[in-house]
2 protein chains.
Amino acid sequence: MPDRPTSRDVARLAGVSRTTVSLVLNNVPDVHISPETRQRVLEAARQLNYYPDASARRLVSGKTRTIALVWHRGPDQTYRDAFLPGLLQGVSRAAHHYGYYVLFRPIEPDEPDDAWVELARGRHTDGLILSGPRSDDIALLDLHREGFPLVLHGQFPGADIPSVDVDNERGAMTALRHLLALGHRRIGMITNAPLAYTASHQRLTGYRRALEEAGIAFEEALVRYGNFDEESGRRAMESLLALEERPTAVFVASDMVAVGALRALREHGLRVPEDMALVGFDDIAVSRYLTPALTTVHVPAFGLGWSAAELLIRIVEGDIPNETQVRLETELVVRESCGARITDADQRG
Amino acid sequence: MPDRPTSRDVARLAGVSRTTVSLVLNNVPDVHISPETRQRVLEAARQLNYYPDASARRLVSGKTRTIALVWHRGPDQTYRDAFLPGLLQGVSRAAHHYGYYVLFRPIEPDEPDDAWVELARGRHTDGLILSGPRSDDIALLDLHREGFPLVLHGQFPGADIPSVDVDNERGAMTALRHLLALGHRRIGMITNAPLAYTASHQRLTGYRRALEEAGIAFEEALVRYGNFDEESGRRAMESLLALEERPTAVFVASDMVAVGALRALREHGLRVPEDMALVGFDDIAVSRYLTPALTTVHVPAFGLGWSAAELLIRIVEGDIPNETQVRLETELVVRESCGARITDADQRG
DNA sequence: GGTGTATACTAACACGTGTCAGTAACACGT
DNA sequence: ACGTGTTACTGACACGTGTTAGTATACACC
């Protein structure tokens, strides 16, 4: 590999100083360079195929123009993987739009929870997006207190750290309203995860509020707790089917869990939606290919990624918005598992 | 934000020179530091919560300890997104294992094809993994000729650039042998994409070779061309069903396309596998949840990612392997769409 | 003819680290 | 007493860039 050209080489070739080269190539405003000189510099840079060295630039500017997406893997691995392409795409596109690069850093369960801290402390990046379950990390709070730019994907009760999430409660209410509108009165629920997870809790709250709104009493007996995976859904549905007075519809707060629920129903010879209607949550890629295709609450993965990156970059650049808690709306995607009339527009959803 | 401590601060606190701090913290071999001094330095660094500045380190070492994954988006977007989580996970874990970071850079269709070049020329990274369709990029060949570390995901006929891919031909043969073993003699094929795509061509070759092996004449009339998406699969299957003498089984060289084929069959009231057996290729997440669950050729996304990163890092570090064309084996995943007896072991696959 | 101002550039410093060449102190063998 | 080697450290340079303060020239103004 021949030595890369530096700005010094460009300066020499153009017959100017290194400073002038920098001024020209960075288009520094309010500084006068004669058109001929400017042209000579640009030509020299082109001829030498000059690209400024990123490391040197970072060092002197103190900015890396890089943000990192920290992807904590936990018990919900496969579940969250379903969102990775969309989320990452959103983060990357927003980053690129604002002139930033994206570092992707998954943290495996066997790594210390705060393995990502060196990214911040070593100034590998200007800011971080943290996604996935975390213990109430002291390192996180420290960094936030020191003013290091952070955005969470998902919520962190307690501290007021900027975050991006979906409006889980309203999403659940949409699902419920759909079932209620179809005439269901006895509606069960299977949560996506244990209630310790904020999202889980919020979706349950949405379920309760929607019932309340419709004047239906909440029954503890109709609620089961899923745990991210298919198998937990199967078991939960089994348990609901064992009830003396079965529900006619079930809101499953996670598509992955709904897949298991669907299997349990099939194993019992029950038809969906005729014998039991089902609404999921998340709208993962699989849902539209199930038989019957699953009606579900769409989570805008791309939008979450974009919003997180955009918010983070604004913070990095000191343009701090007055509202740092972003909540995106969900959207109900009507397919076949509820028996609602499918319009042409929905067909492709 | 208070000023971050530098190695100078550590040196001052420990009462030694900056050089000594560097020697201690980097554990430089063959240099003698007294245990007490070493201890003092470590203690000072801990006390100040010192992390060396990544940019400065990069500048002086000339290494970024970063590799980039360039993700070209093209006509096969949704198809390739199915592999992103696994591939990226593989790349990231291998990178982390060798002490590298991962930069993720998608290139949108509306960007210039060689938008990634600045990553290399500006020394943002030590090496690149390029994934997705590319025009025969002159920039690519230039960089490779200059010795910049590159690894391709997928193949690039012509130049001998290190690459990682799946053995498409053998994968297709596995699929065919399975169908042949089940007694099928008249077997159609729907390709994953136009033959201009290397993978597409290779899978077709595998199909031909397996037939040949079994003493069955290849019939052009039994081949249709898919184009990444569901709809192309539907059309291709429609066309096969219009044949006077229908095949009893079809090898669809892409699960995504197979989904469409399945739909066409269902629309014609045909049962799978009784009236028509189906084998896919890729083993995307959706395949196991289809009805019937799709028998398919598993592509090891994680392994491809890991191998690509490992190969790249070896090249970056000058430890160039004598074989730079890595081909990973596929594995047939038997599910329901072929009517093969399902063993307990397969059940969960 | 002096003062002021705009133009077109440059010299020199700073960013924070890794590392090479060098030095002082001391032990050891002859 | 002298050279040799070892231990334990340090001073100074280099990496390639952005930027500030400054200089030289030309020109206008009264």
Side-chain angles (χ1 to χ4, degrees), chain A residues 1-42 44-45 48-66 99 118 121-124 126, chain B residues 1-42 44-45 48-66 99 118 121-124 126:
Chain A
M1 255 186 295
D3 273 7
R4 289 188 332 125
T6 70
S7 65
R8 178 166 287 105
D9 299 319
V10 177
R12 199 173 311 147
L13 182 59
V16 296
S17 75
R18 223 178 42 66
T19 305
T20 304
V21 172
S22 174
L23 296 177
V24 169
L25 296 183
N26 294 319
N27 255 316
V28 179
D30 299 331
V31 75
H32 305 274
I33 306 283
S34 74
E36 306 84 58
T37 305
R38 191 176 291 272
Q39 197 47 47
R40 273 213 319 286
V41 170
L42 290 173
L48 294 175
N49 201 15
Y50 169 73
Y51 284 76
D53 182 89
S55 305
R57 212 174 227 203
R58 287 174 173 219
L59 176 59
V60 69
S61 72
K63 297 280 164 201
T64 63
R65 298 207 73 87
T66 300
E118 57 158 334
R121 298 235 110 100
R123 284 297 185 278
H124 285 87
D126 293 342
Chain B
M1 254 187 295
D3 273 6
R4 288 185 337 124
T6 71
S7 65
R8 179 166 286 109
D9 298 320
V10 177
R12 199 174 310 147
L13 182 59
V16 295
S17 73
R18 222 178 42 69
T19 305
T20 304
V21 172
S22 174
L23 295 177
V24 169
L25 295 183
N26 294 320
N27 255 315
V28 178
D30 299 329
V31 75
H32 304 273
I33 307 283
S34 76
E36 306 86 56
T37 305
R38 190 176 291 273
Q39 197 49 48
R40 273 215 318 287
V41 170
L42 291 172
L48 294 175
N49 201 15
Y50 169 73
Y51 284 75
D53 183 90
S55 304
R57 219 177 219 196
R58 287 173 173 220
L59 176 59
V60 69
S61 72
K63 297 281 165 202
T64 63
R65 297 207 72 88
T66 300
E118 58 156 333
R121 297 235 111 100
R123 285 296 186 276
H124 285 87
D126 294 340

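Letters A, B, ... are given to chains in the order of the sequence lines, protein chains preceding strands, and every chain is numbered from 1. What you are looking at is a predicted structure, and each value in this text was computed from that prediction instead of being measured.
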Checklist entry - For DNA chain C, what are the stems built from at least three Watson-Crick or G-U pairs in a row, each pair having both distances below 3.5 Å? => result C:1-30 with D:1-30
Checklist entry - How would you label the contact of A:S55 with the nucleic acid (heavy atoms, under 4.0 Å): base, sugar-phosphate, or nothing? => result nothing
Next on the checklist: With a strict under 4.0 Å distance from non-hydrogen atoms of chain A, what nucleotide opens and what nucleotide closes the contacted stretch of DNA chain D, reading 5' to 3'?
Outcome noted: D:dG16 to D:dT20
Item to check | Counterpart residues, salt bridge (charged side-chain N to carboxylate O under 4.0 Å, His left out), relative to B:R8 (two or more places apart) | outcome: none
Next on the checklist: Suppose we screen for side chain to side chain donor-acceptor pair (under 3.5 Å). Which residues come up paired with A:T19, at least two apart in sequence or across chains?
Outcome noted: none
Checklist outcome for this item: Between A:T20 and A:H32, whichever has its closest DNA chain C nucleotide further toward 5' is A:H32
Checklist outcome for this item: A:R18 meets the salt bridge (charged side-chain N to carboxylate O under 4.0 Å, His left out) criterion, sequence neighbours left out, with none
Checklist entry - Starting at the 5' end of DNA chain D and moving along, which residue's nearest nucleotide shows up first, B:L59 or B:I33? => result B:I33
Checklist entry - When every nucleotide of nucleotides 19-27 of chain C is labelled 5' to 3' by its protein contacts under 4.0 Å (heavy atoms), B for base, S for sugar-phosphate only, - for none, what sequence of letters results? => result BB-------
Item to check | Residues which pass salt bridge (charged side-chain N to carboxylate O under 4.0 Å, His left out) with B:R57, listed by chain and number, not counting sequence neighbours | outcome: none
Checklist entry - Counting only side-chain N and O atoms of B:R57, is one of them less than 4.0 Å from OP1 or OP2 of C:dG18? => result yes
Checklist entry - For residues 23-33 of chain A, which residue pairs qualify under salt bridge (Lys or Arg N to Asp or Glu O under 4.0 Å), counting only residues two or more places apart or in two chains? => result none
Next on the checklist: I need the residues from residues 9-17 of chain B with at least one non-hydrogen atom less than 4.0 Å from DNA chain C; give them sorted by number, or say none.
Outcome noted: none
Item to check | Pairs touching residues 33-42 of chain A that satisfy salt bridge (Lys or Arg N to Asp or Glu O under 4.0 Å), sequence neighbours left out | outcome: none
Checklist entry - Excluding sequence neighbours, so at least two apart, what forms side chain to side chain donor-acceptor pair (under 3.5 Å) with A:R65? => result none
Item to check | Non-neighbouring partners of A:V28 that pass side-chain contact (heavy atoms from CB on, under 4.5 Å), sequence neighbours left out | outcome: A:L23, A:N26, A:V31
